[in-house]
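What follows is a single structure, written as C-alpha cells, with notes after it.
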Amino acid sequence: MITGASDDDPSGIATYSQAGAQFGYTLGWTLLLTYPLMCAIQMISARVGRVTGYGLAENMRRYYPAPVLYLLVGLLLVANTINLGADLGAMAAALRLLVPGPAVLYIGGFAIVTVVLEVFTRYQSYASVLRWLTLSLFAYVATVFVVGVPWLTVARYLVLPHLEISGAYLTVVVAVFGTTISPYLFFWQASEEVEEEKEDPQAKPLVEAPEQAPRQLARIQLDTLVGMGLSNIVALFIVLTTAVTLNAHGIKDIQTSSQAAEALRPIAGEFAFVVFALGIIGTGMLAVPVLAGSAAYAVGEALRWRVGLSQKPGRAKAFYGAIAVATLVGAAINFSPLDPIKALFWSAVINGVAAVPIMIMIMHLSSRRTVMGQFTMGPGLKTFGWLATAVMAAAAIGMFATWGD
C-alpha cells in the first residue's frame, strides 16, 4: 500500500495532470495497461526480498559484475535525487497557494521534517505513519466526483485507445510509464520485505523456511494487487480531473502539480482547488522518504554498508547519512540554475529510461535457482514481468525515435 501510494507523488501528479490537460481522456488507457505490468514487476521485486532476505542491490552485488551494479545504482540515485527536488518544490508551491510564505522556508522545512522522522522514528512506528498518509490519495477521489466526469466517454477511451505517432504524445506516454513503473519502487518494496522479515522473530527468508511460503507469497500477491490498484485508480482520477476541467477549457500547458491546482480554482471551485493542493502535500510527505530510502538502500547494499530503517542511527550512520544527503541535495536543486519545472516532468522520463536495464536485472535474478531456490517465477508472472520490461523499452525507443517531431 505504501509503495503504491508513494507512486502518486507530486512529480507523478504533475505528469498525470499534464497528460489530462494536454490530451484529455485519450491517455486513460495507459493506466489500464500499466496495472498488470506494474503488479507483476512489484510482486517479483517483493518476492526477491522475501525469498532471499536481501534487497535488490545486495542480490545484484552477489551475482553480477560490480560495474553493472554501480551503473544501475547510479541511474537510480540521479533519478531519485531529481525526483526528490521536484517533489519538495511542488509541496512548497502547493503550501504557498494555501498559506503564502517564503519558498526556501517551506522547502527546507519539508526536507528537515521528513529526514528527522525517517532517521529517528522506530521503523514500525514510521511505517504506521506512512500507512496513514496513504489516505491523502483520497483527495483525488473527492475532486473527480466534484468536477463531474462523462464516464461513458472515459470508458470508450479506456477500451479503445487513441494513439498518436508524435514526439509530444510519446514523450507523455513514456513519462506516464516512467512515473507508474518507477525504479525506486522496485528497490523500496524488496527492501521493506526484508525489513518486515527482520522485525518478526518468527520469520526467516523463504529459502531457509519454505513452510512459511504459502502464507507470505499470498500476502505479497494481495498486498501488491490492492496497493497498485489504488495507485492506478488515483492516477486515472487525476488525469480525468484535469481533462474535464483544464483540457475542456483550453488550458493545456500544465507543467507542475501546483499549476494544475491553481488552474482548477476558477473552473472547478474553491473546494476542488484546496483538496487538490492538500493532496500534493500529503502525497509528498509519503513519497519523499520512500525516494530517499530506496536510494539509500541501493547505495548502501552496493557498497556493503549496514542498512535498514529498523537500525538505530548510530549503527547505520552511512545509510542514514545517504537519506539526509539525498533529501538535502534534492532540496538544493530548487535553488540551483536547473529549472525545477522542467525537472519535475523530465525526472519521470529519466525513470522511464532507467527502468529498462534495472527491470532486466530483476527478471534475470528472479529466474535463477541459485538466487530463488524453489521459488523462481512461474510462467504467468514471468510473462507479465518480461512484457512490462518490453513495454518500457518500446516506450523509451519511441520517444527518442520521434524526438523533435
F110/V288 under side chain to side chain contact (heavy atoms under 4.5 Å, CB included): CA gap, chis, key distance, verdict: CA-CA 9 Å; F110 282 131; V288 166; over 6 Å; no
With a 4.5 Å limit on heavy-atom distance, are the side chains of [X] and [Y] in contact?
X: I220; Y: R50; answer: yes
X: F384; Y: I41; answer: no
X: R306; Y: Q311; answer: yes
X: V244; Y: P150; answer: yes
X: F273; Y: L97; answer: yes
X: L303; Y: V299; answer: yes
X: I233; Y: L230; answer: no
X: L98; Y: I281; answer: yes

message: Run the side chain to side chain contact (heavy atoms under 4.5 Å, CB included) test on F276 and I13 for me, step by step, so that the C-alpha distance in whole Å, both residues' side-chain angles and the decisive distance to 0.1 Å come before the verdict.
response: CA-CA 10 Å; F276 199 97; I13 293 167; 3.9 Å; yes
For the pair [X] (side chain) and [Y] (backbone), establish whether a donor and an acceptor sit closer than 3.5 Å, ignoring hydrogens and angles.
X: T180; Y: F177; result: no
X: E195; Y: L309; result: yes
X: Y25; Y: L158; result: no
X: Y320; Y: V115; result: no
X: T52; Y: V48; result: yes
X: R96; Y: G101; result: yes
X: T134; Y: L130; result: no

query: More than 12 non-hydrogen atoms from neighbouring residues, nucleotides or ligands closer than 6.0 Å to CH2 on W151, yes or no?
result: yes
query: Is it the case that more than 12 heavy atoms not belonging to L163 sit under 6.0 Å from its CG atom?
result: yes
Exercise: do [X] and [Y] side chains pair donor with acceptor under 3.5 Å:
X: S294; Y: N80; value: yes
X: Y64; Y: H364; value: yes
X: Y16; Y: S11; value: no
X: T34; Y: N232; value: yes
X: R62; Y: Y54; value: yes

Approximate separation, where rounding is to 0.5 Å, of [X] [atom1] and [Y] [atom2]:
X: L291; Y: I323; atom1: CG; atom2: CD1; value: 11.5 Å
X: L88; Y: T327; atom1: CG; atom2: OG1; value: 7.0 Å
X: M377; Y: S366; atom1: CE; atom2: OG; value: 3.0 Å
X: S191; Y: E196; atom1: OG; atom2: CD; value: 12.0 Å
X: S45; Y: I362; atom1: OG; atom2: CD1; value: 4.0 Å
X: I358; Y: L75; atom1: CD1; atom2: CG; value: 6.0 Å

task: For the pair Y297 and F319, name the ring-plane relationship: parallel under 30°, tilted 30 to 60°, perpendicular over 60°.
output: tilted
query: Does the side chain to side chain contact (heavy atoms under 4.5 Å, CB included) test come out yes or no for V290 and T3, once each step is laid out?
result: CA-CA 8 Å; V290 173; T3 305; over 6 Å; no
Which residue pairs pass the side-chain hydrogen bond (donor to acceptor under 3.5 Å, both in side chains) test with at least one member in [range], sequence neighbours excluded?
range: residues 372-390; value: none
range: residues 198-209; value: none
range: residues 218-230; value: Q189-T224, E193-R219, Q216-R219

message: Please evaluate residues Q42 and R47 with respect to the criterion side chain to side chain donor-acceptor pair (under 3.5 Å), reporting the C-alpha separation (whole Å), side-chain torsions for both, the decisive distance (0.1 Å), and the verdict.
response: CA-CA 9 Å; Q42 290 301 138; R47 286 168 66 108; over 6 Å; no
Mind listing the closest non-hydrogen atom pair of [X] and [Y] along with its distance?
X: F187; Y: A57; result: CE2-N, 3.9 Å
X: D87; Y: A287; result: OD2-CB, 4.0 Å
X: C39; Y: M228; result: SG-CB, 3.7 Å
X: L117; Y: T121; result: O-OG1, 2.8 Å
X: A302; Y: R61; result: O-CD, 3.6 Å
X: A21; Y: T242; result: N-OG1, 3.8 Å

statement: Partner of S182 under side-chain contact (heavy atoms from CB on, under 4.5 Å), picked from N83, D7, D9, is D7
task: Assess whether side chain to side chain contact (heavy atoms under 4.5 Å, CB included) is satisfied between Y184 and S6, documenting all intermediate values.
output: CA-CA 10 Å; Y184 75 90; S6 69; 4.2 Å; yes
